[in-house]
Engineer: 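The structure under discussion is supplied below as structure tokens; questions concerning it will follow.
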There are 2 protein chains.
Amino acid sequence: MKAQTLTNLNDARSQATRSRLVQATIDSLIEHGYSKTTGVEICRRAGVTRGALNHHFPDYSALLIDALREVYTTLKVEPDASSLERVVRSGYKNVVQPEFKVVIELWLASQNDPAIGDKLARAIAESAYAFSPKSFRRAGIGEPAANAIYYTLFELLIAIGLGRATSGGKASAHEHMVFETMLDLARQQDSLGVKNNE
Amino acid sequence: MKAQTLTNLNDARSQATRSRLVQATIDSLIEHGYSKTTGVEICRRAGVTRGALNHHFPDYSALLIDALREVYTTLKVEPDASSLERVVRSGYKNVVQPEFKVVIELWLASQNDPAIGDKLARAIAESAYAFSPKSFRRAGIGEPAANAIYYTLFELLIAIGLGRATSGGKASAHEHMVFETMLDLARQQDSLGVKNNE
DNA sequence: TTGATTACATACACCTGTGTATGTATTGTT
DNA sequence: AACAATACATACACAGGTGTATGTAATCAA
């Protein structure tokens, strides 16, 4: 049984520090990438000492997992997935955020760094489920032909995100053309889905 | 005036060492990523000392540029770009090579590491010209509508390459579906192009 | 109020990578 | 043959990051 204090000051302070460490990790990954996101750098940004980092995250991979989860929470898919076009528009808004770079950096880091690989890979796999076509039944996704279009659009979103991440967050010269093409494909599939339901 | 020796032994040896350093860099980037691709690691793989590395590449960024150029040479676009479908098939063969991971790692590194950023960015921009739609006039690429499809397919190739790089070089469960969709789109555009030429 | 726990900060030893200076053997020049 | 240049290897000093042990102030339970 846990006694409840009125203020619970320590707990609030602890959560705040923890949160700042996670946010500092995200910011560092966005600005400097994985290789320069060190414990020292994270603590400098968070305004705490390495003792605090070690207290909250004795395992370095746990911090990265928390950072990834936090980013996945920020980049949430539109709950209204009533059409593929909506899904595309919502996904686009997500991948053009600077935070999406964290996802890419950690995808690669998980592959490159065996120390964090396994644990991080599991977190990635879990979160990826949110993007499974099963989440988009309402948009007509489910049967093979629609799945193919869905995954294709999904890959395009990732490519746009990578393009942003490798260009300082700025859109490439042709990003807009690609996005319009994606919308065309989505609307095409949407109208097919409607037809099938008639 | 430069005297020509019969054997030119030193020159051959020098080229061989230089080549091994570049190849070691590529291999390390594929296996361990940018953050763990250190001078020490590269020399260990190449079987030389850091003295040799420093002799050939006093500037670290020069080595990375050479590695990137070497990879771009390996991943050469099909010279026969008579149809978009051919371009897609050729591009696919390239991005599923392990070497494509080097491209991605260096794209990100160029963004993250100011020490090498500018110089590497220029090399990236130069090489990217080979993938410009201007290179594919024969496939009907040039006017706006075709360009949009072209860039979209191009982005999809990159996304597939990223998928491979973040999965240990193995294809994802849906990669094939995406590739088939790409072929469909390419053939569709190809037939339009033929129509326009009739 | 006293002891225990939490939430950090501080400090030290260690390791790895880097810059740079210098040594040296082979090759090329005259 | 003597000198110079190339192509490395060796060695040292230094910087930055990490693991870990210990110190300490605030909070909490009794």
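Not measured: the values here are computed from a predicted model. So that the names make sense, note that chain A is the first sequence line, chain B the second, and so on, each numbered from 1.
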Engineer: List the protein contact pattern of nucleotides 9-20 of chain C with one symbol per nucleotide (5' to 3'): B for base contact, S for sugar-phosphate-only contact, - for none; contact means a heavy-atom distance under 4.0 Å.
Structural biologist: BBB-----SBBB
Engineer: Among residues 104-121 of chain B, which contact DNA chain C at a heavy-atom distance under 4.0 Å?
Structural biologist: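 Residues of residues 104-121 of chain B under 4.0 Å from DNA chain C: none.
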Engineer: According to salt bridge (Lys or Arg N to Asp or Glu O under 4.0 Å), who are the partners of B:E180, at least two apart in sequence or on a separate chain?
Structural biologist: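 Not a single residue meets the salt bridge (Lys or Arg N to Asp or Glu O under 4.0 Å) criterion with B:E180.
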Engineer: With no hydrogens and no angle check, is any side-chain donor or acceptor of A:D113 less than 3.5 Å from a backbone partner on A:A109?
Structural biologist: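 Side chain of A:D113 to backbone of A:A109: no pair is present.
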Engineer: Please check the phosphate of D:dA7 (OP1 and OP2 only) for any side-chain N or O of B:H55 closer than 4.0 Å.
Structural biologist: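 For D:dA7, OP1 or OP2 has a side-chain N or O of B:H55 closer than 4.0 Å.
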Engineer: Can you tell me the distance, in whole Å, between the CD atom of B:Q15 and the P atom of D:dC8?
Structural biologist: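 Result: 10 Å.
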Engineer: Going by the rule salt bridge (Lys or Arg N to Asp or Glu O under 4.0 Å), which residues pair with B:E99 if we only count those two or more places apart in sequence or in a different chain?
Structural biologist: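 So B:E99 forms no salt bridge (Lys or Arg N to Asp or Glu O under 4.0 Å) with any residue.
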Engineer: Just the rounded figure in Å: distance from C1' of D:dG16 to CD1 of A:I42.
Structural biologist: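 Rounded to whole Å, this separation is 15 Å.
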Engineer: Residues two or more places apart in sequence or in another chain: which of them pass side chain to side chain donor-acceptor pair (under 3.5 Å) with B:R122?
Structural biologist: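 Side chain to side chain donor-acceptor pair (under 3.5 Å) list for B:R122, sorted by chain: empty.
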Engineer: Check ring-ring contact (aromatic ring centres under 6.0 Å, His included) between B:Y60 and all other residues, then give those that pass, not counting sequence neighbours.
Structural biologist: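 Once residues adjacent in sequence are excluded, B:Y60 has no partner under the ring-ring contact (aromatic ring centres under 6.0 Å, His included) criterion.
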Engineer: In chain order, what residues pass the side chain to side chain donor-acceptor pair (under 3.5 Å) check against B:D184, with sequence neighbours excluded?
Structural biologist: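 B:R187.
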Engineer: Under the side chain to side chain donor-acceptor pair (under 3.5 Å) test, which residues partner B:T37, sequence neighbours left out?
Structural biologist: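 Result, side chain to side chain donor-acceptor pair (under 3.5 Å) vs B:T37: B:S28.
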Engineer: Examine C:dC8: is either OP1 or OP2 under 4.0 Å from a nitrogen or oxygen in the side chain of A:H56? Give yes or no.
Structural biologist: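 Yes, such a contact exists.
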Engineer: Within the pair A:T17 and C:dC8, is there a side-chain N or O less than 4.0 Å away from OP1 or OP2?
Structural biologist: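 It does, given that an N or O in the side chain of A:T17 lies less than 4.0 Å from OP1 or OP2 of C:dC8.
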Engineer: For B:R18, check side chain to side chain donor-acceptor pair (under 3.5 Å) against everything at least two apart and list the hits.
Structural biologist: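 Counting only residues at least two positions away or on another chain, B:R18 forms a side chain to side chain donor-acceptor pair (under 3.5 Å) with B:D66.
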